[in-house]
*Asks:* 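Below is one structure. I have some questions about it.
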Protein chains: 2
Amino acid sequence: MDIRKFVLTTVLSVHIVMRSEERYLKDYDASRFASPIVTVDNVLFSLDNNELSVLLVKRANHPYQGTWGLPGGFIDMTLDESTRDTALRKLVEKTGVIPPWLEQLETFSGKYRDPRGWSLTTAWFALIARTDCQPHIESVSDAKWLPTHQLTQQTLAFDHGEIITHALNRLRQKTRYSLLPVYCLAEEFTLTQLQEATEIILGQAIQRKSLIRRFEASGMFEDTGKSKATGARKARLYRRKEGVDIHLFSRNLLNDTAE
Amino acid sequence: MDIRKFVLTTVLSVHIVMRSEERYLKDYDASRFASPIVTVDNVLFSLDNNELSVLLVKRANHPYQGTWGLPGGFIDMTLDESTRDTALRKLVEKTGVIPPWLEQLETFSGKYRDPRGWSLTTAWFALIARTDCQPHIESVSDAKWLPTHQLTQQTLAFDHGEIITHALNRLRQKTRYSLLPVYCLAEEFTLTQLQEATEIILGQAIQRKSLIRRFEASGMFEDTGKSKATGARKARLYRRKEGVDIHLFSRNLLNDTAE
DNA sequence: ATAATAGTGTCTCTGAGACAGTATGAC
DNA sequence: GTCATACTGTCTCAGAGACACTATTAT
């Protein structure tokens with residue numbers, strides 16, 4: 001960007017109208033000012049078949065009609081109290097359930113990212129266990145899971161490919177200093193499942209011992225008392241404690257791998 | 001939020017109009033749909049007099065006329081190619097210079113945060129050396145620096161107090177795993193200045209030795225060959241290397257202090 | 001010389017990496 | 001018993017915390 005034009009920009013002289021705020025608000029017409037197109041999009045990740053996938057929906061409307069894109073849409077100002085509500089509403093429409101992890105990713109904006117004109121989308125990043133949403137998704141014909149390693153082959157609407165890449169980086173980074181991948185697992189899970197989830201996301205093996213140390217130090221989990229057979233010795237089943245926040249560690253895993 | 005209402009929400013039946021995307025775009029009228037009020041705000045931090053301060057401007061217009069708030073405003077869709085441009089344009093208006101650090105913080109949205117109605121603001125987080133912008137700011141009567149420890153006493157427009165709190169948390173967190181505070185220093189700086197900046201931001205003393213280890217390991221800086229007298233032994237002056245990205249460390253400082 | 005600030009050497013301590021060793025359960 | 005998977009013990013190693021030590025310069 002050429003920033004010199006900004007340096008030369010002078011402060012606009014402000015026409016101060018002297019009237020009460022009350023009266024000002026009464027007369028205020030939100031449609032007076034040209035406004036960008038505002039949407040909300042979700043990057044929902046899930047694990048299955050040793051793959052990390054992202055949920056896509058086929059666009060029913062223009063622009064990019066028929067192209068795959070992220071599940072999202074316009075804010076419903078009567079239903080939604082914030083863009084978080086919009087994100088949740090759209091996710092529930094497509095998956096039938098509330099994802100156990102939802103955080104704001106980043107807002108993408110620009111003159112050229114939407115053919116209709118200047119646009120802005122607040123992107124959210126979510127995790128879910130595949131089994132918790134698979135039945136609902138299979139009932140909808142216009143939704144599919146895209147394995148992230150096929151991202152480059154798939155043409156996507158708008159800048160959704162770029163948004164997914166940002167979300168992937170965030171997921172990988174957070175996996176190095178938290179146990180975020182548990183939110184991709186079923187309610188009750190084994191340490192081996194958590195290890196596999198972590199390894200799929202990071203794309204490389206980790207030390208089980210390091211995972212166990214963190215698991216215990218986090219204080220986030222409790223033993224269900226149950227165990228699960230997987231062909232050999234039975235593995236203990238854990239669950240997340242009620243109302244416990246995610247624990248952030250002060251060191252990263254895999255700190256040899258350059259950032 | 002009551003999420004049951006979302007679970008009950010059914011997918012709207014989509015009226016698929018069969019016409020070419022080209023024709024669709026030609027007929028597209030962005031003002032057809034109700035849209036939230038969209039703005040961009042900046043949280044600009046700076047250090048002076050052993051204090052971390054944030055830049056505020058007195059609002060010239062309704063709503064909150066006369067109240068202090070963050071420097072920001074509407075997107076100019078002809079000037080700005082993205083909200084980053086909007087953020088920069090507003091910062092240059094108020095400070096006269098481009099800040100050496102600018103990153104997106106978060107987007108705040110909601111039905112009630114602006115009395116005019118449903119609104120959304122993309123907040124940006126910036127750092128600058130006080131000396132680089134002080135002359136310009138002093139020439140503008142409607143701008144001031146608010147020391148962050150006085151945040152609770154100051155009434156601010158909209159949810160700007162909350163936004164500043166988020167930015168502060170981000171700054172403190174990043175200071176623990178990077179050398180972000182250098183962006184609050186002049187072009188040429190001493191290690192002691194960097195240490196003091198870090199300590200002001202974190203609100204506690206750090207080990208100079210740890211800072212030096214990180215400083216050397218980061219590869220971000222070069223010796224200017226010059227040095228600066230401060231009353232006793234002269235301190236070496238360093239500067240940031242041209243075009244070098246910020247280095248992220250794999251461990252945090254102060255990891256005793258609970259997250 | 002003294003005081004003050006700049007910078008070094010080196011020990012401890014935490015937690016990740018590595019990997020050998022033990023436990024459990026299906027067959 | 002064997003074999004596969006689950007789990008533990010314990011060593012090494014990087015880098016933060018702590019703090020004593022040396023270096024430089026104005027007075």
Side-chain angles (χ1 to χ4, degrees), chain A residues 50 173-179 181 185 188-199 202-219 221 223-238 247-259, chain B residues 50 173-179 181 185 188-199 202-219 221 223-238 247-259:
Chain A
N50 285 336
Q173 206 50 41
K174 282 207 155 177
T175 297
R176 292 177 58 191
Y177 62 82
S178 75
L179 296 173
L185 303 180
E188 301 192 342
F189 59 91
T190 66
L191 275 170
T192 301
Q193 288 171 339
L194 178 55
Q195 182 176 356
E196 284 171 353
T198 306
E199 291 179 339
L202 292 175
Q204 68 188 276
I206 59 159
Q207 289 288 328
R208 166 173 264 251
K209 185 73 199 194
S210 299
L211 186 73
I212 291 175
R213 270 192 297 245
R214 286 176 163 226
F215 191 82
E216 285 167 355
S218 73
F221 310 99
D223 199 324
T224 61
K226 290 181 268 183
S227 54
K228 192 190 155 191
T230 55
R233 178 173 172 177
K234 284 197 260 178
R236 279 205 275 275
L237 280 166
Y238 298 91
H247 184 270
L248 306 181
F249 299 95
S250 64
R251 298 192 193 179
N252 285 354
L253 290 179
L254 268 35
N255 57 342
D256 40 290
T257 316
E259 191 272 337
Chain B
N50 285 337
Q173 207 49 40
K174 281 207 156 177
T175 297
R176 293 177 58 192
Y177 62 82
S178 74
L179 297 172
L185 303 180
E188 300 192 342
F189 59 92
T190 66
L191 274 170
T192 300
Q193 289 171 338
L194 177 56
Q195 181 175 357
E196 284 173 351
T198 305
E199 291 179 339
L202 293 175
Q204 69 187 276
I206 58 160
Q207 290 288 329
R208 166 172 265 252
K209 184 74 200 197
S210 298
L211 186 74
I212 292 174
R213 271 191 295 246
R214 287 176 162 225
F215 191 82
E216 285 166 356
S218 73
F221 310 100
D223 199 324
T224 61
K226 289 180 269 184
S227 54
K228 192 189 155 192
T230 55
R233 176 173 171 176
K234 284 196 259 177
R236 278 206 275 272
L237 281 165
Y238 298 92
H247 184 270
L248 306 181
F249 300 95
S250 64
R251 298 192 194 178
N252 285 354
L253 290 179
L254 268 35
N255 56 342
D256 40 291
T257 316
E259 188 274 336

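Computed from heavy atoms alone, side chains included, the values below leave out hydrogens, waters and symmetry copies. Bear in mind that the values here come from a model prediction, so they are computed numbers and not experimental data. Chain naming here is simple, since letters A, B, ... match the order of the sequence lines and numbering starts at 1 in each.
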*Asks:* Considering residues at least two apart in sequence or located in another chain, which fulfil the side chain to side chain donor-acceptor pair (under 3.5 Å) criterion with A/Y177?
*Replies:*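 Partners of A/Y177 by the side chain to side chain donor-acceptor pair (under 3.5 Å) criterion come out as none, since no residue qualifies.
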*Asks:* Could you tell me the separation between the NZ atom of A/K228 and the P atom of C/dG25, rounded to a whole number of Å?
*Replies:*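 Nearest whole value for this atom pair: 16 Å.
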*Asks:* Restricting to side-chain contact (heavy atoms from CB on, under 4.5 Å), what partner residues turn up for A/S250, sequence neighbours left out?
*Replies:*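 Partners of A/S250 under the side-chain contact (heavy atoms from CB on, under 4.5 Å) test: B/N252, B/N255.
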*Asks:* Quick check against the 3.5 Å criterion: does B/R176 have a side-chain atom that pairs as donor or acceptor with the backbone of B/L253?
*Replies:*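 Confirmed, B/R176 side chain pairs with B/L253 backbone.
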*Asks:* What is the distance, to the nearest angstrom, from the CG atom on B/L211 to the P atom on C/dA6?
*Replies:*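 The answer, rounded to whole Å, is 13 Å.
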*Asks:* With sequence neighbours excluded, what pairs up with A/K228 under the salt bridge (Lys or Arg N to Asp or Glu O under 4.0 Å) test?
*Replies:*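 Listed in chain order: nothing, the list is empty.
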*Asks:* How long is the line joining CG of A/L194 and P of D/dC7, in whole Å?
*Replies:*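 From A/L194 CG to D/dC7 P: 12 Å.
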*Asks:* Please list, chain by chain and in numerical order, all residues satisfying salt bridge (Lys or Arg N to Asp or Glu O under 4.0 Å) with A/R213, sequence neighbours excluded.
*Replies:*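 Testing A/R213 for salt bridge (Lys or Arg N to Asp or Glu O under 4.0 Å), a comparison that skips the adjacent residues, returns none.
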*Asks:* Can you name the residues that form a ring pair (Phe, Tyr, Trp, His ring centres under 6.0 Å) with B/F221, not counting sequence neighbours?
*Replies:*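 In terms of ring pair (Phe, Tyr, Trp, His ring centres under 6.0 Å), with neighbours along the sequence ignored, B/F221 is linked to B/F189, B/F215.
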*Asks:* What is the separation between atom CG on A/L202 and atom C1' on C/dG17, rounded to the nearest whole Å?
*Replies:*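 My rounded result for the distance is 15 Å.
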*Asks:* With a 4.0 Å limit, can you tell me whether A/Q207 has a side-chain N or O closer than that to the phosphate oxygens OP1/OP2 of C/dA18?
*Replies:*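 Yes, such a contact exists.
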*Asks:* At a cut-off of 3.5 Å, list every protein nitrogen or oxygen paired with a nitrogen or oxygen from nucleotides 21-24 of chain C, distance to 0.1 Å.
*Replies:*
from   : atom 1 : to     : atom 2 : distance (Å)
C/dA23 : N3     : A/R233 : NH1    : 2.7
C/dT24 : O4'    : A/R233 : NE     : 3.3

*Asks:* May I have the distance from A/L179 (atom CG) to C/dA16 (atom P), rounded to whole angstrom?
*Replies:*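 After rounding, the gap between these two atoms is 10 Å.
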*Asks:* Could you give the CZ-to-C1' distance, from B/R176 to D/dG17, as a whole number of Å?
*Replies:*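 B/R176 atom CZ is separated from D/dG17 atom C1' by 14 Å.
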*Asks:* Would you mind reading off the distance between A/N252 atom CG and D/dG15 atom P, rounded to a whole angstrom?
*Replies:*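 Taking atom P of D/dG15 as the reference, CG of A/N252 is at 12 Å.
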*Asks:* Can you sort out the partners of A/Q195 under side-chain contact (heavy atoms from CB on, under 4.5 Å), two or more places apart, ordered by chain and number?
*Replies:*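 In terms of side-chain contact (heavy atoms from CB on, under 4.5 Å), with neighbours along the sequence ignored, A/Q195 is linked to A/E199, A/I206, A/R208, A/L211.
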*Asks:* Nearest whole angstrom, please: distance from the P of C/dG15 to the CG of A/L248.
*Replies:*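 After rounding, the gap between these two atoms is 15 Å.
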*Asks:* Rounded to the nearest 0.5 Å, what's the gap from OG1 on B/T190 to CG on B/L185? Could you check?
*Replies:*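 Going from the OG1 atom of B/T190 to the CG atom of B/L185 covers 8.0 Å.
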*Asks:* List in chain and number order the residues that pass side-chain contact (heavy atoms from CB on, under 4.5 Å) with A/N50, two or more places apart in sequence or in another chain; answer none if no residue qualifies.
*Replies:*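 Once residues adjacent in sequence are excluded, the partners of A/N50 under the side-chain contact (heavy atoms from CB on, under 4.5 Å) criterion are A/I200.
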*Asks:* Mark up nucleotides 8-13 of chain C, 5' to 3', with B wherever a protein heavy atom is under 4.0 angstrom from a base atom, S wherever such an atom reaches only the sugar-phosphate, and - elsewhere.
*Replies:* BBB---
*Asks:* Select base, sugar-phosphate, or nothing to describe what B/S250 touches, counting heavy atoms under 4.0 Å on all strands.
*Replies:*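 No contact.
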*Asks:* Counting any heavy atom closer than 4.0 Å, what does B/T192 reach on the DNA or RNA strands: base, sugar-phosphate only, or nothing?
*Replies:*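 Counting heavy atoms under 4.0 Å across all strands, the contact made by B/T192 is with sugar-phosphate only.
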*Asks:* Only counting residues at least two apart or in another chain, list the ones meeting salt bridge (Lys or Arg N to Asp or Glu O under 4.0 Å) with A/R233.
*Replies:*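 Per chain and number, A/R233 pairs via salt bridge (Lys or Arg N to Asp or Glu O under 4.0 Å) with no residue.
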*Asks:* For A/K226, what residues pass the salt bridge (Lys or Arg N to Asp or Glu O under 4.0 Å) criterion, not counting sequence neighbours?
*Replies:*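 Per chain and number, A/K226 pairs via salt bridge (Lys or Arg N to Asp or Glu O under 4.0 Å) with A/E188.
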*Asks:* Need the bend value for the helix from C/dA1-D/dT27 to C/dC27-D/dG1: angle between end axes, 5 pairs each end, nearest 10°.
*Replies:*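 For the helix from C/dA1-D/dT27 to C/dC27-D/dG1, the axes at either end differ by 10°.
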